[in-house]
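What follows is a set of notes on a single structure, which appears directly below.
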Amino acid sequence: MQKQSITDLIRAEILALSAYHVPDSGKMIKLDAMENPYQWNETLQQQWLENIQHAALNRYPDPAARELKQALRTTMQIPDGNDIMLGNGSDELIQMLALTFSGDNKILLAPEPSFAMYKLIAQVAGMKYIGVSLDKNFNLDMFALLETIEAHQPSVVFIAYPNNPTGNAFSISDIEAVIETSTGLVVIDEAYSPFADHTFMSRLNDYPNLLVMRTISKLGLAGLRLGLLAGATQWLEQIEKTRLPYNINVLTQMSALFALQHYDIFQAQTQQIRQDRATLLSALQEHENIEVWESQTNFILFRVPHATALFEGLKAQGILIKCLHGSHPMLDNCLRVTVGTPEENQAFLNALENLI
Ligand SMILES: *Cc1c(COP(=O)(O)O)cnc(C)c1O
């Protein structure tokens with residue numbers, strides 16, 4: 001028998017996808033991925049090493065990650081009566097949600113432009129994806145959004161709050177209207193909550209169809225890969241069925257628990273980053289041929305006359321940011337820079353000065 005070809009074996013949705021590309025940053029100043037630029041001091045590193053040196057690497061991790069969950073409940077102020085579940089990054093939680101709600105013509109809806117993974121994961125998991133464009137100021141286009149929700153009754157709506165890559169936080173009353181209009185689930189993705197003024201976590205008990213997602217990545221622990229989903233047990237007990245038993249490894253459980261015991265350090269760092277964001281924002285605002293948007297995240301979106309050339313120019317000078325040109329019609333000539341240390345931000349501004 002002749003072997004089947006790749007196109008016989010793999011469904012059309014997968015063949016049509018392009019894999020998510022992460023560039024190799026080498027020795028460059030890395031301002032492309034919303035990482036916290038600060039490492040731990042010597043003392044903390046030593047304490048952490050002592051903490052993990054007796055890790056039972058021969059054993060499977062606690063599948064329920066009980067101790068870590070308890071610490072997260074306190075730190076993230078999960079309201080009583082709600083459950084939490086953990087993912088290997090919130091990316092994995094998006095995947096579990098998509099797997100749980102996938103099925104013939106089941107729909108995942110999100111505003112656009114937003115986090116690229118919603119669409120990619122929906123397609124991989126076999127859900128239909130619908131994107132609804134934001135308005136020209138990157139706010140929710142409420143007329144189009146509510147109309148599409150009513151017409152298509154999506155199983156899951158994802159709202160990044162604040163939004164990536166635009167950096168703004170949508171209007172609270174607009175989001176409330178989305179939750180009230182949706183007959184399915186609404187997931188508020190609060191990846192940037194350490195840098196934002198408001199949260200929906202405290203609203204979980206107001207809305208039975210609301211889930212709130214968080215991650216420790218942008219806080220300063222991207223390497224650990226840990227995200228969490230909070231909400232009513234009736235939803236989480238279903239989503240848990242798609243979770244692989246040991247998705248949070250021993251070292252992540254121990255290290256995240258250790259880090260949460262030193263949460264004040266992260267609060268000081270994110271506070272610093274918020275201040276430096278203001279400095280970077282006003283420096284960018286001084287250029288008359290740069291359009292720049294306010295941010296409630298640890299990055300800034302800006303538009304220049306020739307984004308690709310500027311991006312390449314910065315790269316040639318050892319500075320890696322994110323070029324969004326071509327990723328969505330509303331992001332023509334847009335770039336996204338992560339707020340780094342004051343020195344990194346200055347290096348970025350100096351390089352920019354020579355190129356623009
Ligand atoms: C970075 C990001 C995530 C993914 O976070 P991980 O926990 O690192 O997987 C999720 N949502 C948004 C909006 C993000 O920007």
Side-chain angles (χ1 to χ4, degrees), residues 20-23 30-37 65 68 72 75-76 84-99 108-122 124-125 129 131 134 138 140 156-170 175 186-196 198-201 211-230 243-244 247-249 252-253 255-256 259-260 266 270 273 277 293 295-301 321-322 324 327-328 331 334 336-339:
Y20 190 79
H21 171 69
V22 179
K30 198 170 179 307
L31 301 175
D32 67 326
M34 286 76 87
E35 291 147 332
N36 174 333
L68 175 56
L72 285 165
T75 318
M76 305 247 172
I84 61 173
M85 65 179 290
L86 305 184
N88 189 334
S90 44
D91 283 352
E92 196 192 35
L93 290 164
I94 302 169
Q95 188 180 52
M96 288 188 246
L97 278 155
L99 288 171
L108 187 155
L109 181 146
E112 275 187 356
S114 189
F115 188 45
M117 284 296 152
Y118 304 146
K119 181 177 183 178
L120 184 69
I121 291 173
V124 168
Y129 170 81
L134 297 173
F138 298 140
L140 293 175
V156 189
V157 175
F158 273 95
I159 309 254
Y161 180 87
N163 191 40
N164 173 11
T166 57
N168 60 316
F170 303 129
I175 294 181
V186 177
V187 181
I188 306 293
D189 177 353
E190 297 192 336
Y192 297 97
S193 76
F195 311 97
H198 183 80
T199 170
F200 278 83
M201 193 63 93
L211 299 181
V212 175
M213 196 164 72
R214 292 272 183 93
T215 174
I216 61 170
S217 295
K218 314 291 155 67
L219 180 70
L221 297 163
L224 290 183
R225 310 302 301 130
L226 182 72
L228 80 94
L229 188 64
R243 186 176 70 82
L244 298 176
N247 64 328
I248 312 300
N249 72 70
T252 294
Q253 291 193 29
S255 306
L260 291 175
F266 296 94
T270 51
I273 292 166
R277 172 180 79 194
W293 284 271
S295 169
Q296 289 213 21
T297 63
N298 61 342
F299 62 82
I300 294 174
L301 180 78
I321 64 169
K322 175 87 174 175
L324 296 162
S327 66
H328 189 276
L331 299 174
C334 283
R336 185 188 68 195
V337 61
T338 302
V339 182

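One-based numbering, in listed order, for ligands and for the atoms of each. Just so you know, these numbers come straight off a predicted model, no measurement behind them.
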Classify the contact between [X] and ligand 1 as side chain, backbone, both or neither, using a heavy-atom distance cut-off of under 4.0 Å.
X: Asp189; result: side chain
X: Lys218; result: side chain
X: Ser90; result: both
X: Glu92; result: neither

Keeping the roles fixed (side chain from [X], backbone from [Y]), state whether a donor-acceptor pair exists under 3.5 Å.
X: Gln253; Y: Leu68; result: no
X: Thr215; Y: Gly227; result: no
X: Asn249; Y: Asn88; result: no
X: Arg243; Y: Gly87; result: no

Exercise. Anything under 30° is parallel, anything over 60° is perpendicular, the rest tilted; go ahead and classify Phe115 against Tyr118.
Key: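 Aromatic pair Phe115/Tyr118 classed perpendicular.
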From the options [options], select the one whose nearest heavy atom is closest to [atom].
atom: atom 15 (O) of ligand 1; options: Tyr161, Tyr192, Tyr118; result: Tyr192
atom: atom 7 (O) of ligand 1; options: Leu228, Thr215, Ile159, Thr297; result: Thr215
atom: atom 9 (O) of ligand 1; options: Glu190, Met117, Arg225; result: Arg225

Quiz item: Hey, which atoms in ligand 1 end up nearer than 4.0 Å to a heavy atom of Ser217?
Solution: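 This gives 6 (P), 7 (O), 8 (O) as the contact atoms.
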Practice problem: Using a strict 4.0 Å cut-off to heavy atoms of Asp91, name the atoms of ligand 1 that fall inside it. | Solution: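 That gives atoms 4 (C), 9 (O) of ligand 1.
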Quiz item: Out of His198, Lys218, Arg214, which one pairs with Ser193 under the side-chain contact (heavy atoms from CB on, under 4.5 Å) rule?
Solution: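 Only one option passes, and that is Arg214.
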Practice problem: Look at ligand 1 and say whether Ala191 reaches it with a heavy atom at a distance under 4.0 Å. | Solution: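 Under 4.0 Å: yes for Ala191.
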Practice problem: Compare all side-chain heavy atoms of Thr297 with those of Asn164 and state whether any distance is below 4.5 angstrom. | Solution: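 The answer is no, as the side chains (C-beta and beyond) never meet within the 4.5 Å cut-off.
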